[in-house]
Amino acid sequence: MRLVTGKAIAPGLANGRAVVLLDSLPAGTSLAPVDRGAEVLRLKRIFQSARADLETLQSRVHQEFGATEAEIFAAHQLILEDPTLLEDIIQRLNSHSVRAEDAIAASVDDYAARMSKAQDPYLRERELDIRDIGNRLIRHALGHPSSRFSALEDNSIIVGEELLPSDLVELDSAKLAGVVTQRCGETSHVAILARALGIPALTGITDISGMLSSGQRLLLDGYTGELVIEPYHSQLNKFEQKRHRFDEYRIAQKSNDHLPCQTKDGVEILLLANLARPNEAELGAASSMAAIGLLRTEFLFLDHSEPPTIDEQVNLYTQVARRMPGRDICIRTLDLGGDKFPLFLRHSPEANPNLGVRGLRFSLGAGLSMFRTQVEALLRVSADHRVSILLPMVLGVDDLLAAKEIIVQIAGDLCLEVPPVGVLVETPAAVLLIDEILDHADFVNLGTNDLTQFVLASDRNALDTQDDYSVLHPAVLRAVQAVCNAANARNKPVTVCGEAAGNPEIAALLVGLGIRRLSMSPSLSVPVKSVLRSHALEALELLARQAIEARSTSRVKEIVTEAGIGKSYPEF
Ligand code: PEP
Ligand code: MG
């Protein structure tokens with residue numbers, strides 16, 4: 001038995017067997033020089049069968065998930081078709097007299113290592129693609145072409161340094177009980193997806209793949225961050241009892257679905273849905289929510305070999321709108337830049353991409369034509385559905401008005417009405433200029449993921465700054481309160497749509513600060529509603545006053561615990 005503690009990033013309890021993802025590629029034995037010619041032929045056949053395999057995968061993913069997800073594999077196909085990789089492998093094979101799989105492994109390791117050091121986030125992200133492709137080629141070379149997840153058995157807990165791009169669509173989520181990674185921020189997209197799928201996840205455990213081997217029994221607690229490796233029998237029994245009580249509790253809570261989301265004294269709180277990759281499952285879950293508070297649209301652009309057309313976008317947004325009849329759908333314009341650059345966009349390296357050409361700054365500059373196309377698609381859908389347009393990374397009135405001018409002009413050309421246009425407040429500048437912004441915005445959303453990172457100068461994805469990265473820091477809470485007060489004073493809707501909204505304790509604090517609209521992954525709504533229903537507004541307001549006056553994040557956490565808000569679930 002061994003107990004390690006990481007950081008819980010998706011709630012839930014999992015009892016399963018480890019499936020360790022190997023990040024390093026297997027090595028083999030040297031070849032006699034006479035075999036080189038035959039080995040090069042074999043290598044070419046390996047490439048052919050990997051390409052055929054990718055094609056099949058692409059069409060399966062297209063059917064099961066949609067065109068967007070299938071594009072990831074179209075991009076992999078492009079890399080496989082690029083002769084440079086094959087030539088490099090052949091050169092290694094010839095000069096070192098090694099087997100095809102060893103030449104592939106060496107070549108891929110080399111490429112991946114170079115990419116991981118690149119300043120350019122576009123190239124850094126491609127490191128994962130290259131490793132993904134390398135794994136596929138090696139599986140074909142070794143005669144095991146199927147995915148590294150194909151052998152997934154019921155209740156598998158995936159363990160790895162990090163998940164690769166194709167992992168999320170290739171794995172069979174019905175068999176997946178949990179995820180443990182070494183590197184992954186709480187607000188990273190893997191974490192957001194795990195929560196959307198309702199799969200418990202932990203991160204921040206150093207050398208996790210070295211510590212574990214596949215097949216070991218694991219108990220994963222997505223609330224406390226604890227991972228028990230090869231538990232004692234008594235621990236296993238206790239955990240199973242706890243899991244059983246949790247399941248019963250969740251079912252009981254689910255049966256409260258029809259109850260309104262309100263505080264104990266009847267103040268109504270609106271729970272909205274965040275959507276990141278709207279597939280069947282996400283749309284089904286969102287359809288029970290009051291509205292869509294945030295539809296991220298980057299998935300339409302990332303991993304695509306071409307920017308999506310107006311028609312493609314209209315189709316997708318309409319598909320989402322049809323699942324939410326009569327309800328509002330808040331669609332965020334593309335938030336590209338920073339660490340999110342699509343395959344079709346080459347761009348110069350930036351010293352600090354998080355503070356670089358991103359969000360609206362990108363949309364109003366290099367990304368202008370993509371922005372105009374997207375605005376046209378959004379306007380067309382708004383003719384028949386209740387769409388509102390949300391602008392990311394606004395700094396103040398200048399950029400907001402520049403974006404609005406484009407929206408108004410395109411709407412005029414199409415003879416359509418301008419839908420509500422809102423601002424995602426996620427920079428300190430937007431907080432400081434909130435009054436001026438509200439003169440021109442119809443609504444505001446609070447993007448606490450980025451706001452926290454910028455207020456506290458602490459990277460939202462980096463593990464070494466995670467202790468300082470907390471929305472519970474009094475400075476962040478004061479920023480939230482300032483925006484909330486300003487919007488409430490003008491009767492304009494204000495919604496928190498960062499990950500904080502889906503955390504029951506923080507959601508309770510946000511309500512105490514004056515927030516009445518919380519947008520989150522639908523899978524998180526049950527515990528949030530349950531906590532809000534068990535506290536009166538007065539108690540939450542008192543809590544918020546104390547938190548605002550506190551001097552540190554740790555003091556705010558103590559205040560929340562002392563008030564009994566920290567118990568999002570009864571003691572099991
Ligand atoms: C945020 O920053 O809080 C937000 C909602 O946007 P994203 O997480 O996509 O950056
Ligand atoms: Mg953001």
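Being a predicted model, the structure only gives us computed values, none of them experimental. As the structure lists them, so they are numbered: ligands from 1, and atoms in each ligand from 1.
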So is E499 touching ligand 1 or not, going by heavy atoms under 4.0 Å? no

I310 CD1 to E312 CD distance, which is reported to the nearest 0.5 Å: 11.0 Å

May I ask you to decide if I548's main-chain N or O and Q481's side chain share a donor-acceptor pair within less than 3.5 Å? no

Looking only at atom types and distance, does a side-chain atom of T495 sit under 3.5 Å from a main-chain N or O of C497, one as donor and one as acceptor? no

With backbone taken as N, CA, C and O and side chain as the heavy atoms from C-beta onward, which portion of N445 lies under 4.0 Å from ligand 1: side chain, backbone, both, or neither? neither

Interatomic distance, I329 atom CD1 to L272 atom CG [nearest 0.5 angstrom]: 12.0 Å

Go through the steps for Q453 and D450 under the test side chain to side chain donor-acceptor pair (under 3.5 Å), then give the verdict. CA-CA 5 Å; Q453 132 167 294; D450 275 311; 2.9 Å; yes

Test side chain to side chain donor-acceptor pair (under 3.5 Å) applied to Q313 and T373, step by step: CA-CA 9 Å; Q313 294 191 54; T373 306; 5.8 Å; no

For ligand 1, which atoms sit closer than 4.0 Å to a heavy atom of C497? 5 (C)

Regarding E376 and R372, does a basic nitrogen lie under 4.0 Å from an acidic carboxylate oxygen? no

Non-hydrogen side-chain atoms of I406 and L364 separated by less than 4.5 Å: yes

Sub-4.0 Å atoms of ligand 1 with respect to non-hydrogen atoms of R460: 2 (O), 7 (P), 8 (O), 10 (O)

Backbone or side chain, does E426 get an N/O/S atom under 2.8 Å to the Mg ion (ligand 2)? yes

Determine whether any heavy atom of R332 lies closer than 4.0 Å to an atom of ligand 1. yes

With respect to E426, determine whether any N or O atom, backbone or side chain, lies less than 3.5 Å from an N or O atom of ligand 1. yes

Ligand-residue contact atoms, ligand 1 with L294, heavy atoms, under 4.0 Å: 5 (C)

R358-ligand 1 polar pair, N/O distance under 3.5 Å: no

At a 4.0 Å threshold, what atoms of ligand 1 neighbour a non-hydrogen atom of G498? 3 (O)

Minimum-distance N/O/S atom that D450 presents toward the Mg ion (ligand 2): OD2

Distance under 4.0 Å to a non-hydrogen atom of T448: what atoms of ligand 1 satisfy this? 3 (O)

